[in-house]
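Some notes on the structure that comes next.
Every chain is numbered from 1, with letters handed out A, B, ... down the list of sequences. Computed from heavy atoms alone, side chains included, the values below leave out hydrogens, waters and symmetry copies.
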Protein chains: 2
Amino acid sequence: MSAHTSRRQRLRQATLEEIHAAARKLLVEQGSAAVTVNAVARQVGMSGPALYHYYTGHDELVGAVTAGFIRELAAAMERARDAQAGAPVGDRMLAACRAMRTWAVAHPDEFGWIFASPVAAPNRRPGSVRHEAALRFEHVLLDLTAELWRTRPFPVPDPASLPASLRDQLTAYSAAIEGQLPPEAAHVFLSCWIRLYGLLCMEILHQLDFAYTDLEPVFEECLRDLSTTLGLDVTAKEAH
Amino acid sequence: MSAHTSRRQRLRQATLEEIHAAARKLLVEQGSAAVTVNAVARQVGMSGPALYHYYTGHDELVGAVTAGFIRELAAAMERARDAQAGAPVGDRMLAACRAMRTWAVAHPDEFGWIFASPVAAPNRRPGSVRHEAALRFEHVLLDLTAELWRTRPFPVPDPASLPASLRDQLTAYSAAIEGQLPPEAAHVFLSCWIRLYGLLCMEILHQLDFAYTDLEPVFEECLRDLSTTLGLDVTAKEAH
DNA sequence: ATAGATTCCTTAGAGGCATTAAGGAAACAT
DNA sequence: ATGTTTCCTTAATGCCTCTAAGGAATCTAT
């Protein structure tokens with residue numbers, strides 16, 4: 001695929017992977033505070049400052065590891081989606097959503113890191129660019145929603161009924177995703193995203209432990225809600 | 001109010017408040033990583049180890065400061081609620097919800113700490129007890145919902161329609177809140193809580209910056225949704 | 001009032017972490 | 001083979017958490 005990879009580059013790549021694995025091991029086994037430059041270096045068998053030949057510092061190391069997690073999560077969702085290739089968009093969408101929770105539940109520390117990390121969050125200032133991994137993650141469900149919108153549009157609110165400030169923001173976002181969804185449809189997509197991702201974050205970050213021990217049925221109920229919002233139930237029945 | 005407070009106790013109390021203020025200042029001005037035992041001590045004008053006479057270590061300091069934030073947030077919500085004393089439950093509830101967001105937006109760093117901190121989260125193991133401050137925070141909306149339930153019950157799902165595992169969890173939670181709400185009503189309350197608190201957390205923790213710059217209208221829309229779920233609109237019309 | 005106990009604070013480490021600096025050895029390219 | 005690049009090492013600085021040991025101020029009880 002890529003151009004000629006020299007022996008040096010291959011070795012470097014292997015070391016990078018070893019570093020990521022070591023950082024992940026420390027995270028999972030001893031918590032996020034244990035992921036220090038020194039500890040990671042020790043784990044891979046080199047001493048301290050050597051790691052600075054791979055990353056400029058602690059922050060960049062953490063960012064790279066986190067980006068890897070996001071890619072893994074996105075890949076899991078894509079795999080689940082593609083396993084349903086040929087099925088109606090709604091089914092592929094539900095498969096991707098369930099894969100998201102399955103991955104998060106299986107890797108809570110990693111998911112927590114994704115949420116806490118600035119890799120997933122930034123984008124405040126106009127200048128800052130969203131990370132490639134975060135974009136890929138976001139686009140799994142966005143693309144499915146856009147496909148749904150094209151093939152079987154879901155109900156949207158009347159733009160005139162939305163507050164002006166919200167309409168402007170939605171118009172900007174609609175442009176940012178290259179018009180894949182018009183503002184009103186983007187609003188529905190974002191509402192769904194907020195409920196789904198919000199629920200998952202609260203579950204994984206233990207904000208709901210005071211009431212629940214197992215959120216699987218709550219998540220499924222949320223999915224049913226979203227299915228209604230997106231008209232997926234109708235699809236299933238009409239499909240006959 | 002409390003029994004005789006000696007001069008010593010008053011001084012200690014003043015120092016504790018100074019410590020909290022210093023920690024908060026560091027948090028707001030330089031981020032959470034700047035809140036170290038040494039830096040806080042320096043800020044209050046004593047040197048390092050002196051702080052260990054007030055807290056057993058960094059974790060306890062952070063926990064105490066966070067608990068203070070939670071209390072302040074809960075107090076803001078209670079104040080907003082009580083400012084509407086005499087008004088219908090629904091109005092008091094909306095006031096409390098808006099106060100929650102207002103506080104969070106005004107104090108994003110503090111709110112972020114609340115969310116990230118184990119003070120708000122724990123309760124995993126049977127043994128661990130929920131922190132007094134977290135309980136008080138939770139109870140502001142819980143109590144209002146319970147009052148609403150008593151005076152003007154909102155629609156609830158048929159318990160038989162819920163998955164058994166969910167029903168059991170809700171029954172346990174209903175018992176944990178001393179039957180203030182039956183399981184089905186607790187389910188509605190928790191759904192509302194998840195949507196409201198989840199949205200706020202995602203906003204404050206910058207998980208929605210990729211699409212929105214101002215979430216006030218989104219929050220208001222969420223409140224309208226919840227009002228419908230809880231039958232508050234009906235209340236307003238019938239009240240005439 | 002005064003002697004003992006308590007409380008608050010200090011300085012002195014030990015041990016860890018992030019990071020920079022300086023240099024050695026191996027691998028590569030010419 | 002020779003010079004360059006790459007990878008790694010050992011100092012060394014300055015921060016952090018936290019323990020230990022002791023001094024001074026304050027309170028208690030006689």
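For A/Phe137 and A/Trp193, the ring centers are positioned less than 6.0 Å apart.
Residues B/Glu221 and A/His187 have side chains that bring a donor and an acceptor to within less than 3.5 angstrom of each other.
Under 4.0 angstrom from either OP1 or OP2 of C/dG16 there lies no side-chain N or O belonging to A/Arg42. Applying the 4.0 Å criterion to OP1 and OP2 of C/dC9, one finds that B/Tyr54 has a side-chain N or O inside that range. In terms of phosphate contacts, B/Asn38 brings a side-chain nitrogen or oxygen within less than 4.0 Å of OP1 or OP2 of D/dT17. For the pair B/Ser47 and C/dT10, the criterion of a side-chain N or O lying under 4.0 Å from OP1 or OP2 is not met. Note on B/Arg12: every side-chain N or O is 4.0 Å or more away from OP1 and OP2 of C/dT7.
Donor-acceptor pairing under 3.5 Å, judged by distance alone, is absent between the side chain of A/His53 and the base of D/dC7.
The overall bend of the helix from C/dA1-D/dT30 to C/dT30-D/dA1, read as the angle between its terminal helix axes built from five base pairs each, is 0° when rounded to 10 degrees.
A residue-by-residue look at A/Leu11 and B/Val35 shows that A/Leu11 has its nearest nucleotide of DNA chain D further toward the 5' end. Between B/Ala39 and B/Pro49, the one whose closest nucleotide on DNA chain D sits nearer the 5' end is B/Ala39.
B/Gln13 has its CD atom 16 Å from the P atom of C/dT7, to the nearest Å. Look at CZ on A/Arg10: it is 14 Å from C1' on C/dC28, rounded to the nearest Å. One can place CG of B/Leu51 at 11 Å from P of D/dC18, the figure rounded to the nearest angstrom. Following rounding to the nearest Å, B/Asp59 (CG) and D/dC16 (C1') show an atom-to-atom distance of 13 Å. A/Gln43 places its CD atom 16 Å from the C1' atom of C/dC17, with the value rounded to the nearest Å. Rounded to whole Å, the distance from OH on A/Tyr52 to P on C/dA22 is 17 Å. Distance NE2 (B/His58) to P (D/dT17): 5 Å, rounded to an integer number of Å. In this entry the distance linking CG of A/Leu26 with P of C/dG16 reads 15 Å, nearest Å.
A distance-only check finds no donor-acceptor pair linking the side chain of A/Gln207 to the backbone of A/Cys201 [under 3.5 Å].
Among the protein residues, A/Gly48 comes within range of no part of the nucleic acid, since none of its heavy atoms lies under 4.0 Å from any strand.
The nearest pair of heavy atoms linking A/His131 to A/Ala133 is ND1-N, 2.9 Å. The shortest heavy-atom contact between B/Tyr54 and B/Arg12 is CA-NH2, 3.7 Å.
Using a 4.0 Å cut-off between charged side-chain N and carboxylate O, B/Glu17 and B/Arg24 make no salt bridge. A salt bridge between B/Glu216 and B/Arg101 is absent, with no side-chain N of the basic residue lying under 4.0 Å from a carboxylate O of the acidic one.
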